[in-house]
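Note on naming: letters A, B, ... go to the chains in the order of the sequence lines (proteins, then strands), and numbering restarts at 1 for each one. Reckoned from all heavy atoms, side chains included, excluding hydrogens, waters and symmetry mates.
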There are 2 protein chains.
Amino acid sequence: MPNSNDLIICGLGAMGQRIARLALIRGYRIRAVVDRDPAKVGKPLHELLDIATHEYLITVTSDLGAALQGEKATVMHATGSFLSDIAPQLRACLAQGHDVISIAEEMAYPAAADVELAAELNELASANGARLLGTGVNPGFAMDVLLMALTVPCGHVSHVHARRCNDLSDFGATVLDSQGVGLTASAFEAAIASGKVVGHVGFRQSIGLMAAHFGWPIDRIEERKSAIISQSTRSTPHVSVAPGQVAGCLHEAVAFCGEQEVIRLEHPQQIHPGLEGIETSDVARITGDQTIEMRISPEVSGGSGTAACAVNAIAYLRQAKPGLVHINELPLTSPRSFFSTTS
Amino acid sequence: MPNSNDLIICGLGAMGQRIARLALIRGYRIRAVVDRDPAKVGKPLHELLDIATHEYLITVTSDLGAALQGEKATVMHATGSFLSDIAPQLRACLAQGHDVISIAEEMAYPAAADVELAAELNELASANGARLLGTGVNPGFAMDVLLMALTVPCGHVSHVHARRCNDLSDFGATVLDSQGVGLTASAFEAAIASGKVVGHVGFRQSIGLMAAHFGWPIDRIEERKSAIISQSTRSTPHVSVAPGQVAGCLHEAVAFCGEQEVIRLEHPQQIHPGLEGIETSDVARITGDQTIEMRISPEVSGGSGTAACAVNAIAYLRQAKPGLVHINELPLTSPRSFFSTTS
């Protein structure tokens, strides 16, 4: 178990920077920062975060092995979405006995992407007395944990439904391209076929988490991606969309036990939904011995929210049994006041 | 730890009956039922529950000590609201090493009513390898756990607010009297002063749970009860309310850290709110680094919901460390499918 408030930041992109800023505010000590970007390596952390200097100076290194030396700490991992890309980093962290909190989408429920790798990481973590957790707003909260919370007063549940409508206007070209924003309808279909438009990464993880939590044996998952065609002109600094062009991607996933639909997740992502009268929101419906219909509007923030999910989990994860930990196995990872976190 | 699916029902009132019915559906075995009502003692459980007979026949006993004999089980406790009334029953259960799940409002956070008794029960449970948990919809979910869930994606939280508007039309005379339904405005004020109108029991427990969960040192709690004066004629089988009379009670509680308000809970309870265009609902607002506004309408069911909270918690409580357990210390106690519960 980490016997200090020390953190090691692995990945100082937009999300890693959010995590680092919040962790410092919350009284954690950042001991090392790893990033492979040559523009960042060697630079002081406080400069990159645009915050006042600290009593201790750390600079970004590209050497993960060196950063992992020393007492057991918690690694805040934010380098990528896919298990196959990040597994070597996770292995290195766990082998040193560090706890790891990753915001990689596939880490929310690793067995959904790779059962064998999930088992291997669990064993490696257990053997080294370390814990490995995936978290974030989606997957990790808006379309899974929040639904689980709503089922607490239900005697039985036969179906859960979530629809998360967000606004991509603040995102850069990479995200916009991944949702097909600005394409024509036919180019969108081609981009779906070629895999250039990926939609949301995380449905299978949310479904895996809920299936494990509810004890549901899922037999089949169906996914569908369709273009959100704009009726109006919508533009951001990165893209301009004319009427008839694609404003975003509606990605849906439906899970079945046998022939019975038990989970439906819908995630329309687009720029400026408000221009067509659409409020961003997280909407959920639980069907069972009672029906619970919930609406949060505007939607839970994905960016600051994911950083918060990661930082909030640090203290809770330290209380968990070594091994691979799923977010539904912990108590609710709410933020605790500073005096508590740092005591 | 209970090494079987055996339950002992302590209290077979309206709520105890709901708990018993759901527990049987969920595959638990009810081994004994205790109630002091002479109309129930000696009667077979299935007759009182109005369900088909089972492979085993049990009858209601008034002898708690006898019912508690045998292997460790889980006691489902539903005999009263107040710690001072139920403490002897809890002590008897824990002394035999049984886990106890109580829907007594004051058990949601026992230290709020009696710090010393909470400590004593914790020690007694620990010493006997038993666990003691309080749960229910309110307190236990709608105005505390649900708020905690909404804070998971928050980097910090400065204020939480919940407003639960429900409909008392289905309740009997005891509940209606406790909210002052049918009184004149002046009689309501007198009934508040005399303690006959009690409003909601559970605010201090919800606040205690959240204060512990968020690490907030609460310095002061202010409560206020006011009459909901009807504009229209409203009636139920038990009461008739003329315009100008009391349709229910708005009970509010506000908690402060120093001079800063950090928690605000509002609970208007009345008959037929729909007659004046008021939708029943659970509404929450989290204020912090992001604002999260949530609405559930109609509100989460209090009756079936509380029975579900209790039955759902059985399996989770068995995994917890012996002692007094608070609901926020467990993972989300969602219902698990039958095949899982009974395996």
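Side-chain atoms of B:Ser334 never come within 3.5 Å of backbone atoms of A:Thr151 as a donor-acceptor pair (strictly under, hydrogens ignored). Remark: side-chain polar atoms of A:Arg336 are paired, donor with acceptor, to backbone N or O of B:Ala212 under 3.5 angstrom. Looking only at distances, a side-chain donor or acceptor of B:His213 sits under 3.5 Å from a matching main-chain atom of A:Leu332.
The closest side-chain heavy-atom distance from B:Val152 to A:Cys309 is below 4.5 Å.
Nearest heavy atom pair, residue A:Gly155 against residue B:Pro335, reads O-CB, 3.9 Å. Residue A:Ala149 comes nearest to B:Phe141 through the heavy atom pair O-CE1, 3.1 Å, listed as atom of the first residue, atom of the second, then distance. In this structure, A:Gln290 and B:Gly305 approach most closely via the heavy-atom pair NE2-CA, 4.1 Å.
For chain B, the nearby part of A:Asn312 is the side chain; its heavy atoms alone come within less than 4.5 Å. Contact annotation for A:Leu22: only side-chain heavy atoms (C-beta onward) come within less than 4.5 Å of a heavy atom of chain B. For B:Ala23, no part sits under 4.5 Å from any heavy atom of chain A, backbone or side chain. In this structure, the portion of B:Leu146 lying under 4.5 Å from any heavy atom of chain A is its side chain and not its backbone. Looking at A:Ala307, there are no atoms closer than 4.5 Å to chain B (heavy atoms on both sides), in backbone or side chain.
Using a 4.5 Å heavy-atom cut-off against chain B, the contacting residues of residues 292-299 of chain A are A:Ile292, A:Glu293, A:Met294, A:Arg295, A:Ile296, A:Ser297.
Rounded to the nearest 0.5 Å, atoms OG (B:Ser337) and CZ (A:Phe214) are 9.0 Å apart.
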